[in-house]
Amino acid sequence: MIKVALNGYGTIGKRVANAIMLQPDMKLIGIAKTSPNYEAFVAQKMGINIYVPQESIKSFDEAGIKVAGNIEDMIKESDIVVDATPNGVGAQYKELYQKFGKNAIFQGGEKANVADVSFSSLCNYNEALGKKYIRVVSCNTTALLRTICTLNKLSKVEKVRATIVRRAADPKEVKKGPINALVPDPASVPSHHAKDVNSVLKDLDIITMAVIAPTTYMHMHLLNVTLKSQVSKEDVINQFLNTNRFLLVRGKSKVNSTAEIIEVARDLGRIRNDIPEVVIFEDSIYTMGNEVFLMYAVHQESIVVPENIDAIRASLNLASAEDSIKITNTSLNIGKGYLI
Ligand code: NAD
């Protein structure tokens, strides 16, 4: 059993922690928290070991949260650390991981140069095998890469033009906006997502534009992909229907929005209503010669979870891409086919 430590128990961290606990080949040593907030109380209730900075032990004690040790103790005890601390904080921790000789998985909020490789399970698992530091790209980039690499199996992807409608905040974030505006992010083109895709697919011709919308549920991508050869709508539909980590929504199911996708996830009893699969609106798939058009929704809170689990296996050389993806999908109930 691989001993995994989780630093940063927020939106991404708590989901990755749960996913680690579901893996047959991994054990969660514990999680690190800096403040004794509700997330720390939840972790305690779930029986997870909580590690905190040495100077915070007293405040956790006073709040009634039992502490297993300091963050260094947790890192020392682990084989690998998943860092899910806020943007830029992970890079500050790298020195500590190096000090104890531990491998680490970073998130997309860090700059690409924090790690040896930027990672997408369906694109470059093999490149990440044995790498000490791996960066799982952001939620938007993970969805773009999954989709591009899946279409690339149908016919070589020559060009991508994408418009990204970003959710303004995660549901728990009470101080973020906008609440009544659409905000170009940034107003200049291309947005940073294209560069992030190029951190994995170095030579791809890609331009992205992004706008922030006042919603918390999911992102939406509007994609135009040029392939080397002509494909039919049916080819594209079948390619996605046969690839794990994608779900299609058909028009007749009357699921017409991100809100209804999340409602379906609730109704299906999915944990935290998470949908780590890319959710494609089947009716949006349109082909014209070598061009493919499609729209899909991205659940920002959960899409990177399976990629984090695969990155752990790749870093420690524990499994081939095929085996790791299979174990991850089975343990996390990640499907393919139609959403409903
Ligand atoms: P978050 O704010 O929800 O969680 C971060 C957690 O780290 C919080 O619990 C916070 O208390 C804790 N923390 C803060 N400083 C710390 C420190 N010094 N040491 C240890 N813990 C500390 O953030 P998040 O949304 O989970 O984002 C984490 C990373 O994942 C970022 O790089 C982000 O860009 C990336 N990411 C976020 C999303 C998303 O939609 N939320 C999606 C994909 C990737």
Side-chain angles (χ1 to χ4, degrees), residues 5-19 30-44 48 50-57 59-60 63 65 67 69-75 81-97 104-112 114-115 118-120 134-146 164 166-176 185 192-193 196 210 212-213 215-220 258 262 272 274-276 278 297-308 311:
L6 197 299
N7 191 14
Y9 192 69
T11 299
I12 301 302
K14 60 180 138 181
R15 288 173 167 81
V16 175
N18 274 161
I31 59 108
K33 280 291 301 172
T34 47
S35 56
N37 70 355
Y38 67 92
E39 283 164 331
F41 279 98
V42 172
Q44 171 159 276
I48 297 172
I50 299 170
Y51 295 83
V52 307
Q54 189 63 34
E55 63 277 13
S56 307
I57 290 179
S59 64
F60 276 79
I65 296 170
V67 169
N70 65 34
I71 296 183
E72 294 201 3
D73 295 332
M74 178 183 80
I75 294 167
V81 184
V82 176
D83 185 296
T85 58
N87 298 357
V89 177
Q92 295 166 23
Y93 270 107
K94 187 174 175 185
E95 212 174 296
L96 200 58
Y97 308 146
I105 309 301
F106 295 96
Q107 306 306 313
E110 303 303 320
K111 293 200 173 105
V114 76
S118 288
F119 181 77
S120 160
I134 297 178
R135 168 181 169 265
V136 173
V137 293
S138 75
C139 44
N140 281 304
T141 311
T142 295
L144 284 165
L145 283 166
R146 254 192 220 170
I164 294 165
R166 292 187 48 191
R167 63 89 180 95
D170 290 339
K172 71 169 186 183
E173 291 176 316
V174 294
K175 290 183 184 162
K176 269 184 149 181
D185 178 42
H192 73 273
H193 307 92
D196 210 23
I212 308 176
T215 176
T216 63
Y217 284 139
M218 300 179 96
H219 305 299
M220 181 93 86
T258 53
I262 294 294
R272 296 189 173 100
D274 284 351
I275 306 198
V278 170
V298 181
H299 187 227
Q300 76 281 354
E301 296 173 283
S302 63
I303 185 168
V304 297
V305 173
E307 268 68 8
N308 269 274

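One-based numbering, in listed order, for ligands and for the atoms of each. None of the values given here were measured: they were computed from a predicted structure.
Of the listed residues (Gly108, Ser35, Ser302, Ala84), the one carrying the non-hydrogen atom nearest atom 5 (C) of ligand 1 is Ala84. Of the options Ile31, Asn87, Ile12, the smallest heavy-atom separation from atom 31 (C) of ligand 1 is shown by Asn87.
Judged by distance alone, the side chain of Asp274 and the main-chain N or O of Pro276 form no donor-acceptor pair under 3.5 Å. Between the side chain of Ser302 and the backbone N or O of Ile275, at least one donor-acceptor pair lies under 3.5 Å. A donor-acceptor pair under 3.5 Å is formed between the side chain of Lys94 and the backbone N or O of Val114. With hydrogens and angles disregarded, no donor-acceptor distance shorter than 3.5 Å links the side chain of Asp196 to the backbone of His192. Between the side chain of Asp73 and the backbone N or O of Asn70, at least one donor-acceptor pair lies under 3.5 Å. A distance-only check finds a donor-acceptor pair linking the side chain of Gln300 to the backbone of Thr216 [under 3.5 Å]. Under the 3.5 Å distance criterion, the side-chain polar atoms of Glu307 are left unmatched by any main-chain donor or acceptor of Val136.
More than 12 heavy atoms of other residues, nucleotides or ligands shown are found within 6.0 angstrom of CD on Glu55.
Counting protein heavy atoms only, atom 29 (C) of ligand 1 is closest to Thr85 O, 3.5 Å. Scanning the protein for heavy atoms near atom 25 (O) of ligand 1, the closest one is Thr11 CB, 3.7 Å. Protein heavy atom closest to atom 20 (C) of ligand 1, with residue, atom name and distance, is Asn7 OD1, 3.2 Å. Shortest contact from atom 19 (N) of ligand 1 to any protein heavy atom: Tyr93 OH, 2.5 Å. The single protein non-hydrogen atom nearest to atom 42 (C) of ligand 1 is Gln300 O, 3.3 Å, given as residue, atom name and distance. Among all non-hydrogen protein atoms, the one lying nearest atom 4 (O) of ligand 1 is Gly10 CA, 3.2 Å. For atom 15 (N) of ligand 1, the nearest protein heavy atom (residue, atom name, distance) is Pro86 CD, 3.8 Å. Protein heavy atom at the shortest distance from atom 16 (C) of ligand 1 is Thr34 CG2, 3.6 Å.
Between Leu96 and Ile75, some side-chain heavy-atom pair lies under the 4.5 Å cut-off.
Neither the backbone nor the side chain of Asn37 comes within contact range of ligand 1; no heavy atom lies under 4.0 Å. The side chain of Asp170, and not its backbone, has at least one atom closer than 4.0 Å to an atom of ligand 1 (non-hydrogen atoms only; side chain from C-beta on). Proximity of Arg167 to ligand 1, defined as any heavy-atom pair under 4.0 Å, is confined to the side chain (atoms from C-beta onward). When heavy-atom distances to ligand 1 are checked against a 4.0 Å cut-off, Ile303 has no atom that comes that close, whether in backbone or side chain.
Considering backbone and side-chain atoms together, Ser138 places no N or O closer than 3.5 Å to any N or O of ligand 1. Annotation: Tyr9 places an N or O atom under 3.5 Å from an N or O atom of ligand 1; distance criterion only.
Expressed to the nearest 0.5 Å, how far CZ of Arg146 lies from CD1 of Ile303 amounts to 4.0 Å.
Here is the list of ligand 1 atoms found below 4.0 Å of a heavy atom in Cys139: 42 (C), 43 (C). Contact atoms of ligand 1 toward Glu39: 9 (O) (distance under 4.0 Å to a heavy atom of the residue). Every atom of ligand 1 is numbered from 1 in the order shown, and the set under 4.0 Å from a heavy atom of Lys33 is 9 (O), 11 (O). Near Lys172, the atoms of ligand 1 lying under 4.0 angstrom from a non-hydrogen atom of the residue are 1 (P), 3 (O). In the vicinity of Gln107, heavy-atom distances shorter than 4.0 Å reach the ligand 1 atoms 29 (C), 30 (O), 32 (O), 35 (C).
Neither side chain, Arg167 nor Thr215, offers a donor N or O lying under 3.5 Å from an acceptor on the other. Side chain to side chain, Ser138 and Asn140 fail the donor-acceptor criterion of an N or O pair below 3.5 Å.
Within the 4.0 Å cut-off (strictly below), no protein heavy atom is located near atom 10 (C) of ligand 1. There is no protein heavy atom closer than 4.0 angstrom to atom 23 (O) of ligand 1.
Contact between Glu173 and ligand 1 is absent, with no heavy atom of the residue lying under 4.0 Å from the ligand. For Gln92, the heavy-atom gap to ligand 1 stays at 4.0 angstrom or more. Put simply, no part of Phe106 is less than 4.0 Å from ligand 1, judged by heavy atoms.
Of the residues Leu6, Ile31, Val42, the one that meets the side chain to side chain contact (heavy atoms under 4.5 Å, CB included) test with Ile48 is Ile31. Of the listed residues (Val82, Val81, Asp83), just one forms a side chain to side chain contact (heavy atoms under 4.5 Å, CB included) with Phe106, and that residue is Asp83.
No salt bridge links Arg272 with Glu301; every basic N to acidic carboxylate O contact stays at or beyond 4.0 Å.
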